[in-house]
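All heavy atoms count here, side chains included; hydrogens, waters and symmetry mates do not. Computed from a predicted model, the values in this text were never measured in an experiment.
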2 protein chains.
Amino acid sequence: MTTSENTTSLCSGNVCPCQEKCPLSAALEIIGGKWKIPILCSLYNDGPTRYNALRKKIKGVTNTMLASSLKELEADGLILRTQYNEMPLRVEYELTKNTNRLIPILGSLSAWGKEIKN
Amino acid sequence: MTTSENTTSLCSGNVCPCQEKCPLSAALEIIGGKWKIPILCSLYNDGPTRYNALRKKIKGVTNTMLASSLKELEADGLILRTQYNEMPLRVEYELTKNTNRLIPILGSLSAWGKEIKN
DNA sequence: CTGGATCCAGAGGGATACTG
DNA sequence: CAGTATCCCTCTGGATCCAG
């Protein structure tokens with residue numbers, strides 16, 4: 001009676017296309033937006049980084065967008081914010097383990113993006 | 001002299017974060033937007049599908065968005081449009097091999113999206 | 001140094017009506 | 001049946017200035 005197992009379903013498993021929020025669309029929204037990937041790439045390449053250092057490394061980003069993107073990434077559990085109450089104030093951002101599990105997937109996506117450009 | 005190989009770089013390999021369009025951002029733009037994933041999911045689940053059938057399966061999509069999304073997906077080589085000059089006109093859309101290589105990656109992303117929701 | 005507040009332009013997306 | 005055309009609106013993202 002039940003449908004045979006569908007282990008490769010991209011969405012909720014039964015109702016596609018993504019009527020209710022499917023995890024795939026959810027994931028894409030989390031890493032969507034103009035600056036999320038550059039931020040994650042930078043933190044992945046360089047490790048814990050200060051706010052101003054990020055702003056310099058990510059060409060073209062403004063305070064507004066960097067701050068709001070960092071806040072969203074933190075709220076979604078993708079980055080960790082550590083504040084050191086020194087003088088002057090120091091704040092560092094770094095990837096979480098959630099994000100480390102995401103990295104190879106992004107790597108595959110990147111490779112796929114490279115291939116289809118031919 | 002050359003930097004040691006960096007096979008895990010998400011971007012171009014040397015200049016991160018994504019100053020010039022990196023393949024990762026490019027890939028995300030191709031599958032971005034509100035309706036691309038639902039379209040791909042639907043075609044993946046059901047195979048070749050007619051325009052009006054797609055419109056019924058994808059809840060909430062309008063003619064404007066469905067037509068423009070299909071056009072973009074076709075231009076990016078993710079779907080194939082086949083027109084049968086019958087009466088009435090019949091047009092079917094289906095995934096290409098490029099997209100079939102993308103599917104497992106999206107599956108991983110979906111699984112990741114499910115995990116971090118806890 | 002690390003952001004927040006405000007204002008604004010442009011793109012993405014929706015509703016409706018119409019066409020080959 | 002398979003889309004276009006048109007209008008409109010929201011929302012993202014940019015510029016600038018300000019604050020703890």
- Message: Tell me whether K36(A) is salt-bridged to E72(A), with the criterion being a basic N under 4.0 Å from an acidic carboxylate O.
- Response: yes
- Query: Reckon G33(A) touches a base, only the sugar-phosphate, or nothing at all at heavy-atom distances under 4.0 Å?
  - Reply: sugar-phosphate
Test item: [X] side-chain N/O and [Y] main-chain N/O as donor-acceptor pair under 3.5 Å:
X: S69(A); Y: M65(A); answer: yes
X: W112(B); Y: N98(A); answer: yes
X: S68(B); Y: T64(B); answer: yes
X: T49(B); Y: G47(B); answer: yes
X: S42(A); Y: P38(A); answer: no

- Item | Selection: residues 63-94 of chain A, any non-hydrogen atom under 4.0 Å of DNA chain D | T64(A), M65(A)
Atom [atom1] of [X] to atom [atom2] of [N]: distance rounded to whole Å?
X: R55(A); N: dT2(C); atom1: CZ; atom2: P; answer: 9 Å
X: L54(A); N: dT2(C); atom1: CG; atom2: C1'; answer: 12 Å
X: L28(A); N: dG12(C); atom1: CG; atom2: P; answer: 17 Å
X: R50(B); N: dC1(D); atom1: CZ; atom2: P; answer: 7 Å
X: K34(B); N: dT10(D); atom1: NZ; atom2: P; answer: 13 Å

- Query: Would a hydrophobic clustering, with Ile, Leu, Val, Met, Phe, Trp and Tyr connected at side-chain separations under 4.5 Å, put L80(B) with I37(B)?
  - Reply: no
- OP1, OP2 of dG14(C) versus side-chain N and O of W35(B): anything below 4.0 Å? yes
- Given side chains that start at C-beta, do those of Y93(B) and L73(B) come closer than 4.5 Å, heavy atoms only? no
- Axis bend over the full length of the helix from dC1(C)-dG20(D) to dG20(C)-dC1(D), computed from five pairs that close each end, to 10 degrees: 50°
